[in-house]
Amino acid sequence: GCNGRVPTNGACWYPIANGDRSKESDINIRNAMAAKRHLEAMGYTVRMTRNSNNENPSITKRLSYCYPNNDMTKSPDARLFISIHSNASGGEARGVAYIAAKDPYDQAWITADYSKLSNELGSLCIKQIDEMSSLSIYGNGEITWEPELITFCKSPVPCGYLEIGFFDNSSDFAILNSENEIIGEGIA
């Protein structure tokens, strides 16, 4: 899924500001695994798109988990898709936000309220993370300039696209390394 841009180490990450993408993937998997534990304890079924940093599936593969047995010819049986990220900005910015979906999207299976539900999901998650962890809301919590992200354009179910902290800010980075359970519980 990298279109030939794979660096020599085989990863699909690219540099961003002062950020180190290997730090981001580690933070993300720890937050995701914590969210999984909390969601399963609440009785939910969770399908992880990756279970370690040794995996880097394409977005199409990741979204196939929305379907029974990854069969994208069937109707999706997932209720929602949560995309967990961390951000980077050059070390100045702090906090959590969600990336807002904005119509129109036309992929199969989505309902007329896809963007509304995706944005409600993102907003609820970051509000809980803000309330439960030492991270604060970034700006007004909504990033509006990237509604064309491929995750939104391909997801067959509402998608919460979370940017949890800025891993190139030393204060956020310390929180991201020490509060994974709390962040995961906030997502759940």
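Side-chain atoms are counted along with the backbone in the values below, which use heavy atoms only and exclude waters and symmetry mates.
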Using the side chain to side chain contact (heavy atoms under 4.5 Å, CB included) rule, take Phe167 and Phe173 through it: C-alpha gap first, then chi angles, then the decisive distance, then the call. CA-CA 5 Å; Phe167 63 90; Phe173 187 64; 4.2 Å; yes

Between Asn28 and Ser86, is a side chain to side chain contact (heavy atoms under 4.5 Å, CB included) present by the stated rule, with each step listed? CA-CA 7 Å; Asn28 295 343; Ser86 184; 3.8 Å; yes

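The backbone N or O of Ser155 lies less than 3.5 Å from a partner atom in the side chain of Gln107, making a donor-acceptor pair. Under a 3.5 Å cut-off, the side chain of Arg50 and the backbone N or O of Pro57 do not form any donor-acceptor pair. Checked by atom type and distance alone, the side chain of Asn169 pairs as donor or acceptor with a backbone atom of Ser171 at under 3.5 Å.
Note: Lys154 NZ to Leu149 CG = 13.0 Å, rounded to the nearest 0.5 Å. The distance from the CD1 atom of Ile164 to the CD1 atom of Ile126 is 10.0 Å, given to the nearest 0.5 Å. In this structure, the separation between OG1 on Thr144 and NZ on Lys102 is 8.0 Å, given to the nearest 0.5 Å.
Atom CZ of Arg79 has 12 or fewer heavy atoms from other residues, nucleotides or ligands within 6.0 Å.
Within the 4.5 Å cutoff, side-chain heavy atoms of Lys61 are placed close to those of Asn70. Counting heavy atoms from C-beta outward, Ser136 and Asp130 have side chains that approach closer than 4.5 Å. Asp172 is not listed as a side-chain neighbour of Asn87, based on a closest heavy-atom distance of 4.5 Å or more.
The pair Lys127-Glu131 does not count as a salt bridge, with every side-chain nitrogen at least 4.0 angstrom from each carboxylate oxygen.
In the model, Tyr98 has a side-chain atom that pairs as donor or acceptor with a side-chain atom of Glu142 under 3.5 Å.
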